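These notes are about the structure you will find just below.
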Protein chains: 2
Amino acid sequence: MSVTIKDVAKKANVAPSTVSRVLSDSPRISETTKKRVRKIMEEMGYHLNINGRVLVRQSTQTIGIVMKDSATHSFENPFFSEILKGISEACHTRDYNLNLTTGESEETIFQDVVKMVQGKRVDGIIVLYSKKDDKVVPYLMEHDFPFVVVGKPLFGANKFMYVDNDNVEAAREATNYLIEYGHKDLGFIGGDLKFEVAKDRLQGFKLAAEQHGIDIQPESVQSIDLSDSVENGKEVVKKMMNSPRRPTGLVITDDYNGLTVMAALQEIQIKVPDDVSIIGFNNTMIAKLANPPLTTVDTNPYQLGYEASDGLINILHTPEMVKRGVIIPTSIVERDSCKPYSPGIKELDAN
Amino acid sequence: MSVTIKDVAKKANVAPSTVSRVLSDSPRISETTKKRVRKIMEEMGYHLNINGRVLVRQSTQTIGIVMKDSATHSFENPFFSEILKGISEACHTRDYNLNLTTGESEETIFQDVVKMVQGKRVDGIIVLYSKKDDKVVPYLMEHDFPFVVVGKPLFGANKFMYVDNDNVEAAREATNYLIEYGHKDLGFIGGDLKFEVAKDRLQGFKLAAEQHGIDIQPESVQSIDLSDSVENGKEVVKKMMNSPRRPTGLVITDDYNGLTVMAALQEIQIKVPDDVSIIGFNNTMIAKLANPPLTTVDTNPYQLGYEASDGLINILHTPEMVKRGVIIPTSIVERDSCKPYSPGIKELDAN
DNA sequence: CATATTTCTGAAATCGTTCTCATAAAATAA
DNA sequence: TTATTTTATGAGAACGATTTCAGAAATATG
């Protein structure tokens, strides 16, 4: 229906190949014919049909995004939105397109990936997580398909590119922050330990405690999960706070969970930061907007996404480039959810 | 490189057309050869290359998403994430793919759209806003390209499909909710009036006031915008709350703005809901997690997205289907940010 | 002026499918 | 048995670009 390269060619009295070359601004075509052909393209309302090009070039100029629980849960967390922002931005400046997986279960997501790869829908893939028993990364490796993961590789760290924070160090610093405020009863609320982030941050937490000779009550280390309901999360918090040696400082590995925790604390009348100090992770907009505003470690999710995207595109263009890891720095942004420990805290509880 | 339909054909001793028909499970091929060909496909590790199909079918099985300020700002708002969830889900069940625009300015977004349409990258488009002076919708109409908009059409309401809430009614109800709580000094904090949502909700607010003989101070109607900084938003709130007849009930047309307002109020020591009642819009997860939890009108963003997506796909399959609007119901979900008016409120301010 | 070189353009194959049309073989009807 | 219909498959032309190879024209070189 629409006007093709051939139509333009006919009208301009040139060969289709010439029109094609004009399209890609080949130096082998004289300026005069370029001008003429361009004018005719304009007149006829010609526009490149990308699919023809894709077929012969074997490149779609689009990159695929694989999310944890894909749409269903990931979108809930502003952290992923922020990463997506970074990815989107990088893609835009390099003129790439974005394709999202829409599967929800681990299995359907995997099938989406297979379709993307085998169907040659995308040139490369960004995997937004690093997780035990994951099938996606091994699959991509096996098929030698370009990809980068956001998170710490479980294996083959020098076989593919990854973008990550130093999560154990970040968690150590966050914990130290509480310790320096004088807190000695520390709690940790993390996520599903199948994910590397969760493991790393827990490790950092324990490391800090150890280095300061603080011992952690086993019941003060818990995890809540996006796929859990908010109610479940609240239960976890309440249980922890009802334990005999309840923590006065809490490290929570996600702002989103941070808000859940705050909501739970509110319900049992424990005040932040007066009764308990909490520090979150990611510095998403909800941390700023929380009440009280949440002290959090900024993991620069935007940059995480940007670097992943940019790195992937580089790999696509120059595959011989050494694959490597890039570590995005973290920093604590202080807001109002932490406070120096004061001995009175525990007594308040006695009421 | 990879194995094609022809390779399979050769090995199976059939014509490529036969393999193609096996692929689409055509009834014109006998079960025996189907079985045989399938087995060989399996053995050879054949997988359909979508691009070949796209070229001849002239259909990509993917739909494009156009966001307001695209990635940059839209992702910030959980409302859009929620819509995207709905879209994603609908696409998945119908086996469609998702393509996001990555442009940031109005102009680059428009170019993204042109590329999508002319380049035949997508079969249809979902426009996530309805806005004055927008070029995208007129462009799509002019090119007779299938699309649906989430929001109220500015024109040609029966020329294309749209999915929307009844925003004036929703705002009227929200306002009535405050009025029934006894609030007589009402404020409205909306968004950019270029968008239809914003206009509708303001209209509903005014309508409710009028119907109850309440008059609104001009300075009590303000708008803050995602593209503004949070600081600007806070200024607006503070100014409003410092006016002589400051409102005791606030209608805020987005949860996200609701949190900004709450943060501002916090700073000037005005308590929610004791000193001022506020009601938000959209019922995103941040409303639930806010402190205090935000009373809000649920616009069912997930369903908004789902219906838009589903509707678009229907249009693609049966274009003769009548284009129509679908209105998603709204409802108020009560939480803790509203409270009956008590005469003491204003005095407290005197301190 | 003849030859070598460079510059510009065209012809045609190709990418991986789909799909229309034709046809051989098998099944049914006469 | 012959004619007719049905069933199963194949041949080959698309779809809309790109790209290799080759050749004509223009320019430079001796």
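Since this is a predicted model, take the numbers as computed values, not measurements.
V14(B) comes within 4.0 angstrom of the backbone, heavy atoms only, and of no base. Across all strands, I50(A) comes closer than 4.0 Å to no nucleic acid atom at all (heavy-atom distances). Counting any heavy atom pair closer than 4.0 Å across all strands shown, N51(B) reaches no nucleic acid atom.
The side chain of V56(A) lies closest to dC15(C) when the candidates are dC15(C), dT9(D), dC19(C). Between dT17(C), dC19(C), dA17(D), one nucleotide has an atom nearer to the side chain of T4(B) than all others, and that is dT17(C). Between dG16(D), dT19(D), dA17(D), one nucleotide has an atom nearer to the side chain of I5(A) than all others, and that is dA17(D). Checking dG16(D), dA8(D), dC8(C) against the side-chain heavy atoms of S30(A) singles out dC8(C) as nearest. Checking dT19(D), dG16(D), dT18(C) against every side-chain atom of R21(A), the shortest atom distance belongs to dT19(D).
An OP1 or OP2 oxygen of dA8(D) is reached within less than 4.0 angstrom by no side-chain nitrogen or oxygen of T33(B). Contact check, S20(B) against dT18(C): a side-chain N or O comes under 4.0 Å of OP1 or OP2. The side chain of Q58(A) places an N or O atom within less than 4.0 Å of a non-bridging phosphate oxygen (OP1 or OP2) of dG16(C). Considering only side-chain N and O atoms, S17(A) lies nowhere under 4.0 angstrom from the phosphate OP1 or OP2 of dT19(D).
Within the cation-pi definition used here (under 6.0 Å to the ring centroid, within 45° of the axis), K68(B) qualifies as a partner of F195(B).
Summarising the geometry, the separation between CG on N49(B) and C1' on dC15(D) is reported as 14 Å, rounded to the nearest angstrom. Between the CD1 atom of I29(B) and the P atom of dT9(D) there is a distance of 5 Å, rounded to whole Å. The interatomic distance linking K10(A) (NZ) with dG16(D) (C1') rounds to 14 Å, in whole Å. Put simply, CG on L48(A) is 14 Å from C1' on dC15(D), counting in whole angstrom units. In this structure, K6(A) atom NZ and dC15(D) atom P are separated by 6 Å, rounded to whole Å.
The minimum heavy-atom distance between D123(B) and P146(B), with the atom names listed, is O-CG, 3.6 Å.
For dT9(D), its base sits under 3.5 Å from the side chain of R28(B) at one donor and acceptor pair at least.
Under the 30°/60° scheme for interplanar angles, the aromatic rings of F155(B) and F160(B) are found to stand perpendicular.
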For this session: Output, in order, the C-alpha distance, side-chain angles, deciding distance and verdict of side-chain hydrogen bond (donor to acceptor under 3.5 Å, both in side chains) for S30(B) and T32(B).
Result: CA-CA 5 Å; S30(B) 70; T32(B) 54; 3.1 Å; yes
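Inter-residue side-chain proximity for F147(A) and V137(A) is flagged as met; some heavy-atom pair is nearer than 4.5 Å.
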